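These notes are about the structure you will find just below.
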There are 2 protein chains.
Amino acid sequence: MRKNTFIIKQRAFLKLYMLHEAEKGRLYGLQILENLQNYFKDLGYKPTKSEVYKSLHELLKDGYVTREPIIKEGAEMQTLYIYRIGDREKVKAYKDTVKADLDRSIALLQRALKDNYSQKRG
Amino acid sequence: MRKNTFIIKQRAFLKLYMLHEAEKGRLYGLQILENLQNYFKDLGYKPTKSEVYKSLHELLKDGYVTREPIIKEGAEMQTLYIYRIGDREKVKAYKDTVKADLDRSIALLQRALKDNYSQKRG
DNA sequence: ATATGAACATTATGTTCATAC
DNA sequence: GTATGAACATAATGTTCATAT
């Protein structure tokens with residue numbers, strides 16, 4: 001059953017984009033963060049490091065993504081983690097539920113727009 | 001300056017509807033709550049008493065609405081508070097800023113829809 | 001300095017308790 | 001029981017600290 005909740009949470013929104021990035025492959029945490037920060041800059045939204053990591057960790061724990069440690073080339077020997085998409089059936093089912101929440105959220109906000117900002121006639 | 005925030009908060013959303021109800025006049029807290037709960041039922045959203053009261057109190061404190069105690073007819077002698085719109089100029093300015101946040105939020109969610117659920121061709 | 005991650009702090013919101021009629 | 005409101009508890013998110021290279 002649904003809870004009587006307001007609109008979609010940031011966490012769910014980010015996880016959607018994490019899956020998107022994982023489908024493309026080849027990206028690690030801080031890269032994803034930076035990509036998203038740039039991508040949403042025009043809309044005044046700057047996701048934080050902690051939300052991005054938490055999103056990735058949840059997806060990993062639940063099997064939606066896998067990851068692989070990579071030793072960076074060069075003198076630094078830095079370990080980072082490349083994320084890849086996990087069980088595609090599971091991911092699809094998950095994305096379906098998120099889509100429903102997204103649609104619902106948009107409907108709610110558009111109703112507010114209509115109710116509170118439409119020109120009154122007469 | 002804007003903060004780098006995600007989407008509009010429930011509180012702001014509710015305050016918009018509170019102003020809407022106050023413009024119509026003649027309504028008190030629990031009536032507004034019940035109206036909104038019914039109105040949003042189809043979208044799976046059920047605002048709580050506490051959020052509605054907090055919204056009204058904030059609007060009152062900031063001068064966007066006024067209120068007047070009313071003694072209910074009948075044997076109960078119940079005191080309730082009818083809310084009315086306050087300074088119309090101030091209210092208009094406030095609503096303009098909320099509209100910007102609403103527009104931005106809708107844009108963000110629609111972008112997520114487009115990026116994550118559009119059919120890939122080929 | 002870059003990368004990952006946890007700990008800690010603060011907001012935002014929901015649930016329960018108190019008071020009055 | 002209805003209405004208002006505060007107190008309290010939890011969820012969601014943001015900021016700072018720790019570790020390693």
Side-chain angles (χ1 to χ4, degrees), chain A residues 2-15 17-18 21 26-37 40 44-61 65 67-83 98 101 105 108, chain B residues 2-15 17-18 21 26-37 40 44-61 65 67-83 98 101 105 108:
Chain A
R2 301 211 79 272
K3 295 283 290 301
N4 285 304
T5 181
F6 182 49
I7 50 182
I8 191 169
K9 296 290 182 295
Q10 180 181 189
R11 184 75 51 87
F13 179 94
L14 281 178
K15 281 162 123 176
Y17 276 96
M18 300 297 116
E21 299 288 329
R26 301 278 101 215
L27 289 172
Y28 62 92
L30 283 193
Q31 274 180 339
I32 295 176
L33 174 69
E34 200 183 346
N35 284 356
L36 293 182
Q37 288 181 340
F40 291 118
Y45 171 47
K46 184 178 182 177
T48 64
K49 186 170 72 108
S50 121
E51 273 301 308
V52 165
Y53 276 126
K54 282 180 202 162
S55 300
L56 287 170
H57 295 342
E58 285 185 14
L59 290 171
L60 186 64
K61 173 175 66 59
V65 299
R67 76 179 194 181
E68 180 185 358
I70 298 285
I71 309 299
K72 218 164 119 183
E73 299 295 311
E76 315 98 331
M77 294 291 286
Q78 190 83 354
T79 300
L80 42 79
Y81 293 92
I82 299 292
Y83 286 85
V98 177
D101 202 22
S105 300
L108 208 47
Chain B
R2 299 211 81 271
K3 293 285 288 303
N4 284 305
T5 180
F6 183 49
I7 51 182
I8 191 167
K9 296 289 181 295
Q10 180 181 189
R11 186 74 51 86
F13 179 94
L14 282 178
K15 282 161 122 178
Y17 275 97
M18 300 297 116
E21 299 288 330
R26 300 280 101 216
L27 289 172
Y28 62 92
L30 284 192
Q31 272 180 338
I32 295 175
L33 174 69
E34 200 182 347
N35 284 356
L36 293 182
Q37 288 182 339
F40 291 118
Y45 171 45
K46 184 178 182 179
T48 64
K49 185 170 73 108
S50 120
E51 273 301 308
V52 165
Y53 276 126
K54 283 179 202 163
S55 300
L56 286 170
H57 295 343
E58 285 185 12
L59 290 170
L60 186 63
K61 173 175 65 61
V65 299
R67 75 178 194 181
E68 180 184 358
I70 298 285
I71 308 299
K72 217 164 120 185
E73 299 295 311
E76 313 99 332
M77 295 292 286
Q78 190 83 357
T79 300
L80 42 79
Y81 292 92
I82 298 293
Y83 286 85
V98 177
D101 203 21
S105 301
L108 209 47

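Numbered from 1 within each chain, the chains take letters A, B, ... in sequence-line order. It should be emphasised that the depicted structure is a prediction, and the values quoted were computed from it without experimental measurement.
- Partners of Gln37(A) by side chain to side chain contact (heavy atoms under 4.5 Å, CB included), not counting sequence neighbours, listed by chain and number: Leu33(A), Lys46(A), Pro47(A).
- Contacts of Arg11(B) classified as side chain to side chain donor-acceptor pair (under 3.5 Å), with partners at least two apart in sequence or in another chain: Glu51(B), Glu58(B).
- When the side chain to side chain donor-acceptor pair (under 3.5 Å) test is applied to Gln10(B), the partners found at least two apart in sequence or on another chain are Tyr45(B).
- What separates CD of Glu58(B) from C1' of dA12(C) is a distance of 11 Å, to the nearest Å.
- Within the 3.5 Å criterion, the main-chain N or O of Leu14(B) finds no donor-acceptor partner in the side chain of Ser55(B).
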Revision key, fill the gap. Protein heavy-atom contacts under 4.0 Å, written 5' to 3' over nucleotides 3-16 of chain D as B (base), S (sugar-phosphate only) or - (none), form the string BBBS-----SBBB-

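- End-to-end axis angle of the helix from dA1(C)-dT21(D) to dC21(C)-dG1(D), from C1' rotation axes over five pairs per end: 40° (rounded to 10 degrees).
- Nucleotide dT2(C) holds its P atom 19 Å from the CD1 atom of Ile71(A), rounded to whole Å.
- Listed by chain and number, the residues in a side chain to side chain donor-acceptor pair (under 3.5 Å) with Tyr28(B) amount to none (sequence neighbours excluded).
- Within the 4.5 Å cutoff, side-chain heavy atoms of Ile7(B) are placed close to those of Ile8(A).
- Applying the side chain to side chain contact (heavy atoms under 4.5 Å, CB included) test to Leu60(B) and every residue at least two apart in sequence or in another chain returns Val65(B), Arg67(B).
- Legend: residues meeting side chain to side chain contact (heavy atoms under 4.5 Å, CB included) with Tyr17(A), ordered by chain and number and at least two apart, are Phe13(A), Leu36(A), Tyr39(A), Phe40(A), Arg111(B), Ala112(B), Asp115(B), Asn116(B).
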